[in-house]
S.K.: 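Just dropping this structure here.
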Amino acid sequence: MRRGRRAARLLCGALALAVTAARGAEALAPYAIVGDAIPEPLTGAPGDPARGRAIVADRTRGLCLLCHAGPFPEERFQGNLAPSLAGVGARLSPAQLRLRLVDGRALNSGTIMPSYYSLTGLGRVGRAWQGRPILAAGEIEDVVAFLATLREPEGTP
Amino acid sequence: MPPRPGSPLPAALLALLITWAPARAEPVAPAERRSGFEEMGPGIQAMQRDDDVNPGMLAVADGAELWTAAPPSGRPSCAGCHGEAASAMRGVAARYPAWDARTARPVDLQDRVNACRRVHQGAEPLAYESPDLLALTAFVATQSRGVPIAPPDDARLDAARAQGRALFAGRQGQLGLSCAICHDDHWGRRLGSAVIPQGHPTGYPLYRLEWQGLGSLQRRLRNCLTGMRAEPFGFGAPEYVALELYLATRAAPLPLETPAVRP
């Protein structure tokens with residue numbers, strides 16, 4: 001009985017997920033991929049690098065430093081699952097950075113980097129997180145603006 | 001009458017729930033398997049090694065008392081049926097989860113303790129993560145310290161084990177991660193401040209400094225699921241037992257080390 005209900009809930013969950021994804025996808029700002037980049041910003045307002053830095057360093061919002069290291073001398077314990085963010089603004093244009101944040105699966109279907117602005121292809125999303133992307137469009141633009149300032153390669157003072 | 005909670009999710013449903021490209025993950029080869037103990041600093045290792053300072057031993061002592069305490073029903077204590085735990089329970093935890101013929105489903109050690117209470121002692125089941133259930137489970141598992149994990153060769157467990165493997169390999173949650181990405185592909189790397197262990201269930205129930213208390217393997221799995229921003233299962237859910245079954249296969253023949261200490 002309880003089990004039956006759970007199975008039913010799971011099934012509804014799966015169906016609801018498909019619906020939410022469709023509904024959520026409408027709520028996301030549309031964007032166009034050109035080559036390996038998203039040339040147009042997701043919002044009208046330009047991103048703010050200072051806000052972007054705060055998001056990247058925040059382990060419950062950006063989560064970036066769980067996996068990446070970068071030029072953040074004040075942050076202890078940066079992860080090493082991913083390439084360092086130092087100098088990434090010299091390696092990649094803002095448009096390229098935007099696609100890597102929005103949905104890196106477009107470039108590498110096996111990537112472990114989360115898709116920060118996508119609702120598709122996700123399963124069993126926790127209730128608190130359903131129907132919204134990891135970062136909002138404005139936050140993506142803030143992070144892009146910040147990453148674009150990271151022009152010094154690793155080890156440069 | 002509990003309807004077959006051991007029955008696996010239909011494959012099609014699983015595929016719906018868990019999507020996206022599977023990780024390239026290969027399970028860690030038996031000779032390279034290592035306990036999370038190896039990933040810890042010397043201070044915490046010493047704390048686990050020394051029974052006089054291992055905080056988990058307090059619960060084991062509580063469990064020893066519960067082992068011999070008669071339930072209010074007047075039915076026998078655990079010791080009344082099983083006798084001396086040091087001999088009767090040696091090796092038992094190393095072969096759990098196991099098939100329970102009475103309910104026709106796989107059960108983990110906590111379920112087994114509660115089944116004995118219900119069936120043989122006429123007592124209420126103990127709540128998940130309650131001090132008494134953790135203490136009894138820790139006491140029983142401690143009798144198997146040093147015994148290599150050896151999952152039962154029982155075909156009735158295959159379906160649940162396969163379900164556990166699918167849950168382990170599939171991407172889930174808002175972050176689109178899988179257990180395998182971290183524990184098969186990236187163990188030994190740093191996730192923020194934590195070194196990612198291979199994720200073996202060798203020490204449960206164990207004392208976790210972050211919890212400031214003892215917790216079960218299901219509590220640990222719950223932590224990893226919420227970290228992935230996936231919906232955790234309810235304590236006692238068949239999905240957890242399925243994961244525990246797969247984890248045991250994946251960990252064999254590492255020796256048990258209950259009560260372990262972890263950061």
Side-chain angles (χ1 to χ4, degrees), chain A residues 1-18 21 24 57-60 63-69 75-82 103-105 108-135, chain B residues 1-10 12-25 103 105 166-167 170-178 180-182 184-196 222 224-234 236-239 263:
Chain A
M1 173 55 194
R2 252 184 59 225
R3 159 78 184 174
R5 239 189 291 129
R6 181 182 296 121
R9 212 181 55 219
L10 265 176
L11 187 59
C12 294
L15 297 178
L17 210 108
D58 186 331
R59 284 154 206 256
T60 60
L63 313 164
C64 316
L65 299 189
L66 291 179
C67 293
H68 292 273
E75 290 290 332
R76 299 175 65 209
F77 302 126
Q78 304 174 19
N80 63 1
L81 292 183
D103 193 353
R105 293 171 298 181
N108 169 10
S109 66
T111 187
I112 66 165
M113 164 126 171
S115 298
Y116 277 84
Y117 197 67
S118 168
L119 297 173
T120 55
L122 301 177
R124 301 202 61 256
V125 176
R127 211 156 295 152
W129 311 104
Q130 279 173 16
R132 55 190 173 102
I134 305 171
L135 292 177
Chain B
M1 160 79 207
R4 311 186 300 127
S7 61
L9 289 177
L13 179 51
L14 258 185
L16 240 185
L17 291 172
I18 296 173
T19 47
W20 194 348
R24 292 144 296 173
T103 54
R105 64 186 178 110
L167 284 165
R171 306 245 193 182
Q172 45 182 325
Q174 193 196 34
L175 304 183
L177 296 170
S178 71
I181 285 176
C182 284
D184 283 345
D185 290 353
H186 292 99
W187 65 268
R189 303 274 191 115
R190 251 189 4 263
L191 182 74
S193 62
V195 177
I196 302 176
R222 195 183 170 84
C224 280
L225 284 166
T226 50
M228 300 154 79
R229 299 191 178 176
E231 187 64 24
F233 303 103
E239 287 86 351

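The structure displayed is predicted, hence computed values, not measured ones. A note on names: the letters A, B, ... follow the listed sequences, proteins ahead of strands, and every chain is numbered from 1.
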S.K.: Look at the side chain of Gln78(A) and the backbone N and O of Ser193(B), then say whether any donor-acceptor pair between them is shorter than 3.5 Å.
M.R.: no
S.K.: Search all heavy atoms of Arg132(A) against all heavy atoms of Gln174(B) and return the closest pair with its distance.
M.R.: O-NE2, 3.0 Å
S.K.: Decide yes or no for Leu63(A) and Arg229(B): does some side-chain heavy atom of the first lie under 4.5 Å from some side-chain heavy atom of the second?
M.R.: yes
S.K.: Determine yes or no for a side-chain-to-main-chain donor-acceptor pair under 3.5 angstrom, with Arg189(B) supplying the side chain and Asn80(A) the backbone.
M.R.: yes
S.K.: Could you tell me the separation between the CZ atom of Arg59(A) and the CG atom of Leu191(B), rounded to the nearest 0.5 Å?
M.R.: 9.5 Å
S.K.: Is any side-chain heavy atom of Arg190(B) closer than 4.5 Å to a side-chain heavy atom of Leu81(A)?
M.R.: no
S.K.: Any side-chain heavy-atom pair from Asp185(B) and Ile112(A) closer than 4.5 angstrom?
M.R.: no
S.K.: Can you tell me which portion of Ile134(A) sits under 4.5 Å from chain B's heavy atoms? Options are side chain, backbone, both or neither.
M.R.: both
S.K.: Can you tell me how far the CG atom of Leu177(B) sits from the SG atom of Cys67(A), to the nearest 0.5 Å?
M.R.: 7.0 Å
S.K.: For Glu231(B), enumerate each residue passing the side chain to side chain donor-acceptor pair (under 3.5 Å) test, keeping only those at least two apart in sequence or located in another chain.
M.R.: Arg127(A)
